[in-house]
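Everything on this sheet refers to the single structure shown next.
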Amino acid sequence: MSTAQRTPFIATTPGVVLACLAACFLWGSAFPCVKIGYELFAVDAADVPSILAFAGTRFVIAGLMVVVGMSVARRRAFVPERRDLPAIGVLSLFQTVLQYVLFYVGLANCAGITSSILEASNSFLCVLLAALVFRFERLTPRKLLGCAVGFAGVVLVNVAGESGGLSFSLAGEGMVLASTLAAATSSNLAKRFSASHDPVLLSGWQFVVGGAIMLAVGLAAGGHVAPADAANPFPALALLGYLGFISAAAYSLWSLALAANPVSRVAVFGFMNPVFGVLLSAVLLGETSVVSPAVAVAALVLVSAGIVVVNRPESGAVQKGQSLLHALFAHRTPVQK
């Protein structure tokens, strides 16, 4: 009788493509929706406490969606055990608190399209951290080429914007860039923790913990979370619910994909975030003058090419060459002194 285990669908090429593109579409829609949410909840760009309270509310909702949904699906309480608590605490720090405190503050001070573009550096950083810091995999020339090609599409969109070049401010773009480092770290931590913890459980509860911290800090500092139109709060509340769903669904899919695939194979799909962000910001925010359609198409081609390069299997000759080099360096006799 064969002992071979069946490969999970999310570990196959169609599975990882579907999961990652769905997550990236949801995350891409977050860029313009957060901007709209600021208007519906009367959150000013300078009102940092309200920004934190707004973000915290969104993530508590996201976490509760995961916890309640999985409790119903599994017919038992979807709660962590004591051994899960340290992983939840670390993930909530990087994935929710650090990443989104920096992101929300930065987003309020730069264009939706610009922020979505800068966020794409997360993919490049994630691959570098996976190879150089966490040691999950090797940093091969093919992976570097794929990341460089994908990131070229991101740079193209930014340089070709209406400003005619790259813009940078610490309060805006600087904050968004700092948030990408926290996000890249959290992705690698999620990969590490998935070996001994349920990735969906970690996803849901780190949102609950991180969101509660952000909400408490925001409210304590004088922030508020209330629809601007008290007579008709439904649009604001519906948008807040959708923002919670974005986080719950996208991060759960991403965590499952990371658990079943190499980090580089998943991370390179993050270059699709600015593509979806550009398209949806143009539709929902009317930011159509920032990037021309021709530039957007060229960027999409480069990003897609980068994804294909990273996910393309190594040829037999390349694999043999890498194995030979590894063997030579691994078994080399040290020089006696």
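All residue numbers refer to positions in the sequence shown, counting from 1. Bear in mind the structure is a predicted one, so any value in this text is a computation, not a measurement.
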*Please report the closest heavy-atom contact between A248 and A62, naming both atoms and the distance.*
CB-O, 3.4 Å
*asked:* Under the criterion side-chain hydrogen bond (donor to acceptor under 3.5 Å, both in side chains), I'd like the reasoning laid out for R138 against S264: C-alpha separation, chi angles, the key distance, then a yes or no.
replied: CA-CA 10 Å; R138 295 180 184 178; S264 59; over 6 Å; no
*May I ask you to check whether over 12 heavy atoms, not counting those of F134, lie within 6.0 Å of atom CZ?*
yes
*W205 (side chain) donor-acceptor with F78 (main chain) under 3.5 angstrom*: yes
*Between V268 and V127, is a side chain to side chain contact (heavy atoms under 4.5 Å, CB included) present by the stated rule, with each step listed?*
CA-CA 8 Å; V268 71; V127 173; 5.7 Å; no
*Quick one: pull up CE in M214 and OG1 in T96 and give me the separation to the nearest 0.5 Å.*
7.5 Å
_Considering all heavy atoms, the nearest A53-L215 contact_ = O-CD1, 3.6 Å
*Spell out, yes or no, whether V72 and V66 are grouped together once hydrophobic residues are joined by side-chain heavy atoms under 4.5 Å, including indirect joins.*
no
*Interatomic distance, L201 atom CG to Q206 atom CD [nearest 0.5 angstrom]*: 11.0 Å
*Where is the tightest heavy-atom contact between M175 and G106, given as atom of each residue plus distance?*
CB-CA, 3.7 Å
*Same hydrophobic cluster for F136 and V133, using side-chain heavy-atom links shorter than 4.5 Å among ILVMFWY?*
yes
*Are side-chain heavy atoms of V263 and N188 found at a separation under 4.5 Å?*
yes
*Rounded to the nearest 0.5 Å, what separation is found between the CZ atom of F269 and the SG atom of C126?*
13.5 Å
*Please answer whether the main-chain N or O of E81 pairs with a side-chain N or O of D84 as donor and acceptor at a distance below 3.5 Å.*
yes
*Check whether any side-chain N or O of K143 sits under 3.5 Å from a backbone N or O of L128 as a donor-acceptor pair, and report yes or no.*
no
*Checking E137 side chain against A130 main chain: does a donor-acceptor pair fall under 3.5 Å?*
no
*On the 0 to 90° scale, with breaks at 30° and 60°, tag the F59-F207 ring pair as parallel, tilted or perpendicular.*
parallel
_Single-linkage hydrophobic cluster, 4.5 Å side-chain cutoff, W254 and L18 together_ = no
*asked:* Please find the pair of heavy atoms, one from L258 and one from S187, that lie closest to each other, and give the distance.
replied: CD1-O, 3.5 Å
*Quick one: sort the H197 and F193 rings into parallel, tilted or perpendicular, breaks at 30° and 60°.*
perpendicular
*F54 side chain near L243 side chain, heavy-atom distance below 4.5 Å*: yes
_To check you understand the geometry: which heavy-atom pair defines the closest contact between P80 and L85, and what is its length?_
CG-CD2, 4.1 Å
_Tell me if a side-chain donor or acceptor on S50 pairs with a main-chain N or O of H224 at a distance below 3.5 Å._
yes
*Test item: D47 side-chain N/O and V43 main-chain N/O as donor-acceptor pair under 3.5 Å*: no
*Heavy-atom donor-acceptor pair, R58 side chain to I246 backbone, under 3.5 Å*: no
*How many angstroms lie between CG in L202 and OH in Y251, if you round to the nearest 0.5 Å?*
8.0 Å
*Between P227 and P233, what is the shortest heavy-atom contact and its length?*
CG-CB, 3.8 Å
*In terms of hydrophobic clusters joined by side-chain contacts under 4.5 Å, are L253 and L189 together?*
no
*Show your reasoning for whether side chain to side chain contact (heavy atoms under 4.5 Å, CB included) applies to L239 and I36.*
CA-CA 8 Å; L239 181 66; I36 295 172; 3.8 Å; yes
*With hydrophobic residues grouped by side-chain heavy-atom distances under 4.5 Å, do F9 and L256 end up in a single group?*
no
*Between S252 (side chain) and A249 (backbone), is there a donor-acceptor pair under 3.5 Å?*
no
*Indicate yes or no for a side-chain donor-acceptor contact from N261 to the backbone of I10 under 3.5 Å, with no hydrogens or angles considered.*
yes
*Close side-chain approach of V266 and C20, heavy atoms under 4.5 Å*: yes
_Rounded to the nearest 0.5 Å, what separates atom OH in Y242 from atom OG in S247?_
10.5 Å
*Enter the distance from R265:CZ to T13:OG1 here, rounded to the nearest 0.5 Å.*
4.0 Å
*Begin from the C-alpha positions of W27 and M272 and carry the test side chain to side chain contact (heavy atoms under 4.5 Å, CB included) through to its verdict.*
CA-CA 10 Å; W27 276 325; M272 290 300 297; over 6 Å; no
